[in-house]
Amino acid sequence: MVKIFRRECHRVLPSERTTIHGADGMLMLLQLAMAEVSKQRAGEFKVALSDVLMAWKHLLLDKLHLPPPNFARLENYDLILEAYESSLKRSNAVDLVDVLSMYNQLRLVDSDPGEPVSPIQLFEFLSGNTEVSELPDPSVPSTPSRKSTTCSSQVTMAVRRVFCSYLSLLTNAKNDMALALTLDVPGRALGRQAFTDVKHAARDNNTSLFLAVTSFVRVIQLGGRGYAPAESDPLRKHVKGLSDFVQFLDNLEEILGEVPDPSACGARLAGAIRALLVKGRSGGDAVSAAADETTKELKERICQLHQVQTHTANGSGTEISPARPRAHAVNHCTALGGRDTVKVLMALLDEEALTPPCRNKADLLSEDQPVLGGEEGTCVLGLFRSPEVPTGCSPEPLKSRVLTRLDLLKPKVTFRSQFACTYKEDEMPLNRVLEFPSASQVPSCVHPAPKHQSTSECPNKEPSAVRRGAALGPRSGNVQTGGAGSGDGKPPVTRTQRKGNKRKQVDSDRRGGSENEPPQKKPPACVSVKVPGKSGGKAASKKKLIAGQGKLTGFFRV
């Protein structure tokens, strides 16, 4: 049935590279359709497993035109069926029930047999109640090399699904399910947020997910400054991961176009995917072992399919197909480079669609999928669900918030060691620090000097500048006083006055004064004091000062 559909599908479908979904693919698409309807009706992208299984049985019986089951339909069944069919059409895919319904109009009455599979047998097969060996037509090539599908581990199923998804993207770029299973496998830092951004970009441009990714990367690489996406584009945050994904698929496309032999080309494709999955993993890892086993099986099956197509294409057994595509057919979803390999890959994927369904539906649809790469598993429902937008409310339960608040209100008891006095004390509190003013707040003069009353005023008053220079002159330690007079008209300073100045200088040092403090007031320079025991009030001689030395000394003191 599938062979005849693949041979004649160009009569009823716009593309020859149509993907056929098996039982597992149909169930995953149905789950996504139900979650999408739930989001539109209830605002939440989720669905219970029991509801999926109920809708699954109704869907099969309804499409096969069989009597409905004895339980009622779901409330939004019509919307779910419409969303399911639209997802198939958008992905350029059909399911096995559609293949059976189109078989009657596609088969040739003369050469093709009658009805190979009845609707009841197909229902039993898709429901998992029968095996492939129970199908009546023995002429259908057997095949699924995965004979132990129902007994295989979850990791092996996930790894094989990733292999087939990469190969499916080479034959049908509109397969959104294949892109969802391979975008972040292995880890490219393309989690739920990146997939959501890609999904929104594809919806805005009305394209497939793969075309949205490739167009964005091509514009970044080749568009130039004038065609570059805006800085506010959400996909700009994931440029590296998306570029790695597109680069790997470009490498697979190069292998597909360069190697003419389908057997060698298929082997190289499987080897490239295996190298990508086992990169950075140890040899005994479960993913590495499953990848090695899957690669070996796919290589053998591709070689067998190539041999079958070679011998049946022409009775002579030549490797050239008798119906080469014309020039106009190159643009009709086919290409000269790798055309034979694509036919072999599509036959391989058709066989994968005919494998028995997974026994444990929870393993297939639950979110506890094995992590093959990245931070998240391979659950399609969790990947298509958009990340939650923070609303400002705490997602924690009320009980947890109350316990956390009580822990914060408990008094903290600290125990100190008996040697705590040797530890460095904590910083002083702010009120203790403010009690002690800084050095800038201490007055410069604690005990101001009393004003000296002169015993005799100077008979002839000199200008204030001259008196200031005379007063500041003796304060410098570098100035040596000498003779009685000076040539610049300054009055002499007595020895008693020099002693008084020195005593005042010492007192100022003892009180903590510094050179930066303002100078103390001095008695006028013209006062003469009689010293007992000395002769007649002679003023002490003073050496001659250099012109302007008093002013310069005062300047440096300030």
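Along the sequence shown, residues are numbered consecutively beginning with 1.
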Can you see which heavy atom on [X] is nearest to which on [Y], and at what distance?
X      : Y      : value
Arg192 : Thr196 : O-OG1, 2.7 Å
Val185 : Leu277 : CG1-CD2, 3.8 Å
Leu106 : Glu8   : CD2-O, 3.4 Å
Met54  : Ala72  : CE-O, 4.1 Å
Trp56  : Met26  : CZ3-CB, 3.7 Å
Leu29  : Tyr84  : CB-CE1, 3.9 Å

Rounded distance [0.5 Å steps], [atom1] in [X] versus [atom2] in [Y]:
X      : Y      : atom1 : atom2 : answer
Ile255 : Thr341 : CD1   : OG1   : 11.0 Å
Met34  : Asp51  : CE    : CG    : 5.0 Å
Ile273 : Thr295 : CD1   : OG1   : 8.0 Å

Can you check whether [Y]'s main-chain N or O pairs, donor with acceptor, with [X]'s side chain at less than 3.5 Å?
X      : Y      : answer
Ser127 : Phe123 : yes
Arg236 : Pro229 : yes
Asp176 : Ser91  : no
Arg188 : Lys240 : no
Asp24  : Cys358 : yes
Tyr166 : Thr182 : yes

So do the side chains of [X] and [Y] get within less than 4.5 Å of each other, counting heavy atoms only?
X      : Y      : value
Phe195 : Asp184 : no
Asn92  : Asn175 : no
Val47  : Leu32  : no
Val246 : Gln221 : no

Hey, is [X] close enough to [Y] for a salt bridge, meaning N to O under 4.0 Å?
X      : Y      : result
Glu297 : Arg160 : yes
Lys3   : Asp350 : no
Glu352 : Arg301 : no
Asp292 : Lys296 : no
Arg218 : Asp250 : yes

Side-chain donor-acceptor pairs under 3.5 Å in residues 202-213, sequence neighbours left out?
unit_1 : atom_1 : unit_2 : atom_2 : d
Asn205 : ND2    : Ala201 : O      : 3.2
Ser208 : OG     : Leu211 : N      : 3.3

Is it the case that over 12 heavy atoms from other parts of the model lie below 6.0 angstrom from the [atom1] atom of [X]?
X      : atom1 : value
Lys63  : NZ    : yes
Lys199 : NZ    : yes
Glu75  : CD    : no

For Glu254, give me all partners under side-chain contact (heavy atoms from CB on, under 4.5 Å), at least two apart in sequence or on another chain. Asn251, Glu258
Show your reasoning for whether side chain to side chain contact (heavy atoms under 4.5 Å, CB included) applies to Val278 and Asp285. CA-CA 9 Å; Val278 302; Asp285 188 68; over 6 Å; no
Show the numbers, then the answer: is there a side chain to side chain contact (heavy atoms under 4.5 Å, CB included) between Val117 and Phe125? CA-CA 10 Å; Val117 180; Phe125 170 71; over 6 Å; no
Do Leu64 and Leu100 pass the side chain to side chain contact (heavy atoms under 4.5 Å, CB included) test, and can you show the C-alpha distance, the side-chain angles, and the key distance before you say yes or no? CA-CA 9 Å; Leu64 290 170; Leu100 179 60; 4.0 Å; yes
